[in-house]
Engineer: 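Dropping a structure here in structure tokens format, bear with me for questions.
In listed order, ligands and their atoms are each counted from 1. Here the structure is a predicted model, which means the values were calculated and not measured.
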Amino acid sequence: MISAHTLLSPFDLESKSLLTHLRCPECGKIYDASVVQTVCNNGECDSSLFAEYNLDDALSKDILIGRPANMWRYREFMPVTEPENIVTLGEGFTPILPLQNLQAIAGDIQVYWKDESGNPTGSFKARGISAAVSKAKELGIDTIVTPTAGNAGGALAAYAARADIKAVVYMPALTPKLFKDECRLYGAQLIEVDGSISDCGKLAHADAVKNGWFEVSTLKEPYRLEGKKTMGYEIAEQFNWQLPDVILYPTGGGTGLLGIWKAFDEMECLGWIDNHRPKMVAVQSDSCNGIVKAFHTELNVSEFTDGGFTIANGLRVPKPYADKLILKVLRKSHGNAISVSDADMAIALKEIACHEGMLIAPEGAALWHAFKQLKSTGWLHNGQTVLLLNTGSGYKYLENLS
Ligand SMILES: *Cc1c(COP(=O)(O)O)cnc(C)c1O
Ligand SMILES: [Zn+2]
């Protein structure tokens, strides 16, 4: 019989998670990972918590040889202790594709897409939600709630269905219909909210406290980050352990950006990569560009910024919970931050569809416009390798695109 275990080779079943504890990256306080945790409770700290692993025992990257092509191939560095708690739909190990017909525009800069659109439920949210739902199952949670701009809701609904856990999803009413339909089809309770994801977050939190439900709001729960960090492991493995020079990332709550950077830290500890790090670039929508503004004014926190509707609903995050951590990574990596208008995203999306055969999400399309901007201003250099992360499929957005 085929079971979830078949997705992991028998060899993997013997390998154990090396999770040791959680740590606050701001104040250093340590937390027990064997019980439910949310954010740092040290005074006013309130920071997201990061999972830590025992990386001292010099594991060889040869452990990966022959493992299945999904994100659980990195299971030593994943937070789930018992394999039977892994809730998987085959997420991860998405392709890295060189730019084809538009490479001429990029000239001597080699451009690649990491294309996350083939993940279950059509976005990279599947990674974070697979990890969070698996760990929630391990900790005995029976109801999970999330505020969402769209894709996280669909992913939570699907993985909760698979785990036989109840899901409640809070989504802005202005989100395209398909994002709502999929949640209902997966059997989640959908609550439509007039406003942005911030308003959804407040309601979700109030209901969770009242009913004793578990919230997996971006970076207020430690394990979605662990799922998204697998993109960093894959980028290293797929580029044969030589990281690209620049990575552009469409930044909403910033989980992927922080996760990729965390993976680089872990792999450097393991000796799997050297200390050459990509410059990390946060790309936002003009309507929600708080990180871009903070980055260019040398601030270490962002201001609440909500200009309303954007076709890139995943980027309508007025105030990322982990804004301080995002800004630190951008600066540490000598990166950049840039925002893009809806009109430019729509043009870029069509250009990629017509010339590359990829119907990418508007969030991903924003990167192609940002790439051209950064090239024309001379911030990018000939000879560099640049990776663009297409975080989702364009299909759910079509009602706003044609
Ligand atoms: C959620 C989402 C983003 C933003 O991801 P964060 O990790 O929250 O920054 C980008 N693109 C798409 C398609 C999304 O669904
Ligand atoms: Zn703290």
Side-chain angles (χ1 to χ4, degrees), residues 22-31 37-50 94 114-117 119 121-129 132 146-156 171 175-176 179 182 197 201 216-222 224-229 231-232 248-262 280-285 288 290-291 302 310-326 329-330 337 340 345 349 359-367 388-397:
L22 302 172
R23 183 196 298 272
C24 172
E26 296 283 4
C27 75
K29 185 170 174 188
I30 304 263
Y31 291 82
Q37 301 287 1
T38 54
V39 295
C40 184
N41 61 15
N42 187 5
E44 307 274 280
C45 182
D46 290 337
S47 166
S48 315
L49 299 178
F50 280 16
T94 54
K114 183 161 178 62
D115 185 13
E116 291 288 305
S117 64
N119 274 307
T121 68
S123 86
F124 75 150
K125 291 294 193 301
R127 296 178 187 265
I129 296 294
T146 194
T148 177
N151 279 317
L156 181 67
M171 194 183 289
T175 316
F179 288 94
E182 68 171 344
I197 194 171
V216 290
S217 183
T218 299
L219 291 159
K220 293 186 190 169
E221 176 282 338
R224 280 174 68 180
L225 180 70
E226 296 306 286
K228 281 200 177 163
K229 101 183 162 185
M231 291 188 290
L248 271 61
Y249 181 83
T251 306
T255 330
L257 186 128
L258 296 176
I260 289 170
W261 194 256
K262 182 174 190 284
M280 303 297 288
V281 180
V283 179
Q284 294 194 292
S285 149
C288 263
I291 294 288
S302 66
T310 163
I311 55 170
N313 31 292
L315 301 187
R316 192 176 167 200
V317 180
K319 167 98 174 142
Y321 189 74
D323 53 353
K324 277 192 209 164
L325 299 173
I326 296 168
V329 167
L330 297 179
V340 178
M345 282 181 221
L349 189 146
L359 189 52
I360 65 178
E363 292 86 343
L367 306 186
L388 312 180
L389 259 153
N390 174 43
T391 42
S393 157
Y395 289 95
K396 288 191 230 175
Y397 302 75

Engineer: Please write down residue, atom name and distance for the protein heavy atom closest to atom 7 (O) of ligand 1.
Structural biologist: Tyr249 OH, 2.5 Å
Engineer: Is the shortest N/O to N/O distance between Lys125 and ligand 1 below 3.5 Å?
Structural biologist: yes
Engineer: Taking only Lys NZ, Arg NE, NH1 and NH2, and the carboxylate oxygens of Asp or Glu, determine whether Lys262 and Glu226 approach each other closer than 4.0 Å.
Structural biologist: yes
Engineer: Within a strict 4.5 Å, meaning less than it, do heavy atoms of the Leu315 and Glu363 side chains meet?
Structural biologist: yes
Engineer: Taking all non-hydrogen atoms of both residues, which atom of Lys229 and which atom of Gly259 are closest, and how far apart?
Structural biologist: CB-O, 3.1 Å
Engineer: Could you work out, with ring pair (Phe, Tyr, Trp, His ring centres under 6.0 Å) as the rule, every residue matching Tyr249, not counting sequence neighbours?
Structural biologist: none
Engineer: Just checking, is any N or O donor in the side chain of Thr251 or Gln284 under 3.5 Å from an acceptor N or O on the other one?
Structural biologist: no
Engineer: Any N or O on Gly253 sitting closer than 3.5 Å to an N or O of ligand 1?
Structural biologist: yes
Engineer: Applying side-chain contact (heavy atoms from CB on, under 4.5 Å), can you list everything that pairs with Lys324, at least two apart in sequence or on another chain?
Structural biologist: Glu26, Val301
Engineer: Got a list of side-chain donor-acceptor pairs under 3.5 Å for residues 37-49, not counting sequence neighbours?
Structural biologist:
from	atom 1	to	atom 2	distance (Å)
Gln37	NE2	Asp32	O	3.0
Asn41	OD1	Lys29	NZ	2.8
Asn41	OD1	Tyr31	OH	2.8
Ser48	OG	Leu219	O	2.9

Engineer: Looking only at protein heavy atoms, which one is nearest to atom 12 (C) of ligand 1, and what is the separation?
Structural biologist: Thr391 OG1, 3.3 Å
Engineer: Return the set of protein N, O or S atoms whose distance to the Zn ion (ligand 2) is under 2.8 Å, each given as residue and atom.
Structural biologist: Cys24 SG, Cys27 SG, Cys40 SG, Cys45 SG
